[in-house]
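Everything numeric in this text was worked out from a predicted model, so none of it was measured. Numbers restart at 1 for each chain; the letters A, B, ... are given by sequence-line order, proteins then strands. Heavy atoms only: backbone and side chains are in, while hydrogens, waters and symmetry mates are out.
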Protein chains: 2
Amino acid sequence: MSGKAGIKDVARVAGVSVGTVSNVINNPELVSDDTRGRVRAAIAQLGYVRSETARQLRAGHSRIVAMLVLDLANPFFADVAKGAERTLRDVGLGVMVCNSAGSTADEADYLSLFAEQRVRGVLVTPADTSGRTVELLRARGIPFVLVDRSLPADQGCSVSVDDVLGGAMAVRHLVSSGHRRIAYVGGPAHLAQVRDRFTGGLDAVREGGLADDALITIESDRPDVAAGRDAGARLLGMSPRPTAVFCANDLLALGVLQSLYAAGVRVPHDIALVGYDDIEFAAAAAVPLTSVRQPAARIGRTAAELLLAETEATADDDHIHQRIVLRPELVVRDSSRRAARVAD
Amino acid sequence: MSGKAGIKDVARVAGVSVGTVSNVINNPELVSDDTRGRVRAAIAQLGYVRSETARQLRAGHSRIVAMLVLDLANPFFADVAKGAERTLRDVGLGVMVCNSAGSTADEADYLSLFAEQRVRGVLVTPADTSGRTVELLRARGIPFVLVDRSLPADQGCSVSVDDVLGGAMAVRHLVSSGHRRIAYVGGPAHLAQVRDRFTGGLDAVREGGLADDALITIESDRPDVAAGRDAGARLLGMSPRPTAVFCANDLLALGVLQSLYAAGVRVPHDIALVGYDDIEFAAAAAVPLTSVRQPAARIGRTAAELLLAETEATADDDHIHQRIVLRPELVVRDSSRRAARVAD
DNA sequence: CGCCGAAATTGAAACGTTTCAGTGTATGCC
DNA sequence: GGCATACACTGAAACGTTTCAATTTCGGCG
């Protein structure tokens with residue numbers, strides 16, 4: 001009895017036409033009080049639920065925005081998703097969060113699914129680095145916004161964070177705390193983010209009047225905790241040993257911390273440590289971690305707003321793509337505090 | 001040109017009827033090689049993408065399964081979602097992950113959205129504890145499976161983990177390592193999971209021939225890192241001090257660890273520590289954390305399978321609801337190892 | 001040579017909405 | 001009383017598929 005009632009059934013029970021029922025739902029002010037009451041009663045009685053499917057068919061597009069992230073288990077993306085979700089729900093759009101897990105094939109599968117679903121738009125952090133994903137979306141005419149990646153403004157909207165600035169903030173903090181030998185633990189070098197953060201770090205070193213080799217790179221092959229542990233081990237073997245470490249993300253920093261702790265090296269007493277991303281667990285580490293915060297929720301919100309603007313643009317050309325670059329924020333915690341105190 | 005082509009356009013270009021085009025897509029073996037070729041060419045030429053929307057309208061339900069979780073940022077749910085996603089994608093269903101953030105109101109909103117979308121089914125961890133959510137789903141005839149919550153088998157399918165057993169495993173481990181005073185740090189007592197884990201712990205204590213007061217409860221108001229820090233502070237003030245701590249989840253344990261570390265109390269040398277959930281960061285802690293692992297991906301997979309079974313049941317009564325309770329697993333790491341060595 | 005059945009193809013109905021040009025029906029004005 | 005006007009409501013078309021009964025085509029067989 002419940003899943004089956006359609007607008008026609010409601011119309012019959014209320015003794016009106018289907019058009020009137022539709023108006024009661026979508027334009028109540030067009031209908032007389034009396035009729036409206038009868039129709040609402042019929043709806044309640046039948047347990048009628050409007051079929052969004054049929055509605056979409058007529059409208060030509062759905063009320064759903066798809067979000068495709070690299071890793072659902074990464075707290076950063078979870079926060080971005082939350083931010084986007086709130087904004088989109090406020091305007092009545094549903095959000096479908098999907099996980100490409102970094103796989104180009106899965107990403108392509110999802111893009112097909114989205115096209116078939118006629119989603120309203122897509123928020124995406126592409127796994128594919130060749131630009132084919134962006135190309136495909138444009139070719140299919142699906143509005144999209146790149147998240148945590150940037151794109152020349154003529155090619156589409158994007159929201160990213162200034163990684164060069166973030167790297168500079170981290171290293172500037174360490175330099176001004178008196179550190180003169182700083183290790184940079186970075187994930188695979190082919191990632192733009194890893195390179196940008198290094199570039200920023202180098203800027204800060206020079207700014208502080210130090211030579212370039214005050215910043216020593218320790219390259220890790222993956223950006224995770226295990227790789228951080230390895231990097232920590234290598235760090236301990238260096239001589240002279242750096243007095244501070246800047247990691248390209250918090251997972252690496254947590255790994256380094258683990259190594260140092262196991263070896264009895266105290267943080268920040270012996271070595272200061274700075275991470276990147278400020279994931280929830282940065283504050284939860286045994287030594288609360290200084291980190292460069294990515295404004296994750298804000299990224300999500302901004303991306304959602306850009307997508308809405310693009311969606312609402314009536315003519316193709318009355319929308320101007322935007323490339324938004326947000327500022328990160330340095331959150332200083334215990335892991336880098338001692339040196340600061342000494343320097344003061 | 002791309003987003004606009006319909007099946008009729010394809011039919012016109014290929015010089016066949018719409019029925020034939022549909023057959024090429026859905027039942028290729030019914031169509032002659034020649035025609036099939038022409039139709040496929042037309043599809044490619046026009047960039048035709050089938051409208052899942054129209055398809056759903058005819059079929060009466062969509063190809064999407066909704067998943068409603070309590071907290072997307074919680075790695076546990078992210079893993080559950082991943083497990084479910086894989087299983088469902090293998091049978092061609094899309095997954096829409098939504099986040100109720102524990103809000104009953106948001107949950108209700110999403111349920112309405114799902115009903116309007118005519119989703120194929122719902123995997124849900126209800127924020128609502130009154131059972132109204134389950135009632136609503138049943139009333140609307142939407143197939144559902146409860147995740148990480150259990151339900152009498154006559155009321156619906158559910159997949160949960162045996163929390164009493166998990167608590168017992170953790171405490172048994174500590175008791176057999178020689179601990180005689182064990183603190184239990186638990187979140188708000190009204191949560192069934194918090195109580196169950198305590199019950200299991202008590203079982204283990206008795207089993208070990210100890211008095212009930214060998215397990216001392218430290219109640220925290222929330223299950224997060226900050227609350228864990230508070231609990232750690234209280235723990236340090238106790239006299240005589242427990243030699244081991246069992247926390248109702250890993251976040252609490254990480255908070256406790258932070259307190260202990262700050263106070264110079266060594267883990268596991270001075271105090272052994274066991275968490276619950278085995279989130280990714282348990283292994284990443286400064287002292288890798290012993291924890292009771294919830295088989296998150298397996299929960300997701302199992303729930304998806306149950307939902308599929310329910311969906312595929314043709315008659316209402318040819319499906320028997322199942323209540324599946326999975327076994328947790330104790331993962332021993334450094335945070336509880338020393339005592340074990342001593343006891344051996 | 002005509003008929004039959006199988007294979008291939010067709011064309012229209014149906015799915016549940018929204019939209020819109022019309023049809024009534026009071027109301028107010030001259 | 002006649003007429004314009006606003007208002008309330010109607011009914012059918014359209015959205016893009018799938019499905020299925022009906023039709024055409026064709027080779028083979030009696």
Side-chain angles (χ1 to χ4, degrees), chain A residues 2-40 42-43 46-64 92 113 115-120 140-141, chain B residues 2-40 42-43 46-64 92 113 115-120 140-141:
Chain A
S2 41
K4 324 211 69 188
I7 205 173
K8 283 184 210 154
D9 303 298
V10 175
R12 186 165 5 89
V13 170
V16 298
S17 74
V18 293
T20 301
V21 176
S22 177
N23 277 336
V24 169
I25 297 170
N26 301 298
N27 305 88
E29 73 281 3
L30 295 180
V31 182
S32 72
D33 288 2
D34 176 40
T35 310
R36 201 187 313 144
R38 251 181 314 138
V39 171
R40 293 228 165 107
I43 287 178
L46 294 173
Y48 166 74
V49 177
R50 162 173 77 190
S51 163
E52 185 62 24
T53 306
R55 203 167 185 236
Q56 286 170 17
L57 176 57
R58 190 139 215 302
H61 55 71
S62 78
R63 293 198 148 277
I64 291 191
L113 179 67
E116 291 192 348
Q117 297 279 354
R118 301 288 193 270
V119 296
R120 190 68 150 271
R140 288 194 176 147
Chain B
S2 39
K4 325 211 66 185
I7 205 172
K8 283 185 210 153
D9 303 297
V10 174
R12 186 163 6 88
V13 170
V16 298
S17 73
V18 293
T20 301
V21 176
S22 177
N23 277 335
V24 169
I25 297 170
N26 302 297
N27 306 88
E29 74 281 4
L30 295 180
V31 181
S32 71
D33 288 2
D34 176 41
T35 309
R36 202 187 311 143
R38 252 180 315 139
V39 171
R40 293 227 164 107
I43 288 177
L46 294 172
Y48 165 74
V49 177
R50 159 174 79 190
S51 163
E52 185 63 24
T53 305
R55 205 170 181 231
Q56 287 170 18
L57 177 56
R58 188 133 218 303
H61 55 71
S62 79
R63 292 197 150 279
I64 293 191
L113 179 67
E116 290 193 349
Q117 295 280 354
R118 300 289 193 271
V119 296
R120 190 67 150 271
R140 289 195 175 144

**Message:** Among residues at least two apart in sequence or on other chains, which ones pass side-chain hydrogen bond (donor to acceptor under 3.5 Å, both in side chains) with B:Asn23?
**Reply:** none
**Prompt:** Which residues pass the side-chain hydrogen bond (donor to acceptor under 3.5 Å, both in side chains) test with A:Ser62, sequence neighbours left out?
**Reply:** none
**Asked** B:Thr20 near the nucleic acid: base, sugar-phosphate alone, or nothing, with a heavy-atom cut-off under 4.0 Å?
**Response** base
**Prompt:** Excluding sequence neighbours, so at least two apart, what forms side-chain hydrogen bond (donor to acceptor under 3.5 Å, both in side chains) with B:Ser51?
**Reply:** none
**Asked** B:Ser17: what forms a side chain to side chain contact (heavy atoms under 4.5 Å, CB included) with it, not counting sequence neighbours?
**Response** B:Thr20
**Message:** Once salt bridge (charged side-chain N to carboxylate O under 4.0 Å, His left out) is applied, do any residues pair with A:Arg50, and if so which ones, sequence neighbours excluded?
**Reply:** B:Glu116
Under-3.5 Å N/O pairs linking protein and nucleotides 19-23 of chain D:
| residue | atom | partner | partner atom | Å |
| --- | --- | --- | --- | --- |
| D:dT19 | O4' | B:Arg58 | NH1 | 3.4 |

**Item:** Contacts of type salt bridge (charged side-chain N to carboxylate O under 4.0 Å, His left out), residue B:Arg40, not counting sequence neighbours
**Value:** none
**Message:** Applying salt bridge (charged side-chain N to carboxylate O under 4.0 Å, His left out), can you list everything that pairs with B:Arg58, at least two apart in sequence or on another chain?
**Reply:** none
**Prompt:** If you walk 5' to 3' along DNA chain C, what is the first nucleotide with an atom under 4.0 Å of a heavy atom in chain B, and what is the last?
**Reply:** C:dA8 to C:dG16
**Message:** Output the pairing pattern of DNA chain C as a dot-bracket string, 5' first, Watson-Crick or G-U wobble with both distances under 3.5 Å, | for cross-strand pairs, [ ] for crossing pairs.
**Reply:** ||||||||||||||||||||||||||||||
**Prompt:** B:Arg36: what forms a salt bridge (charged side-chain N to carboxylate O under 4.0 Å, His left out) with it, not counting sequence neighbours?
**Reply:** B:Asp33
**Request:** Mind running side-chain contact (heavy atoms from CB on, under 4.5 Å) on B:Ile25 and B:Val21 for me, showing each step along the way?
**Result:** CA-CA 6 Å; B:Ile25 297 170; B:Val21 176; 4.2 Å; yes
**Prompt:** Which residues pass the side-chain hydrogen bond (donor to acceptor under 3.5 Å, both in side chains) test with B:Asn27, sequence neighbours left out?
**Reply:** none
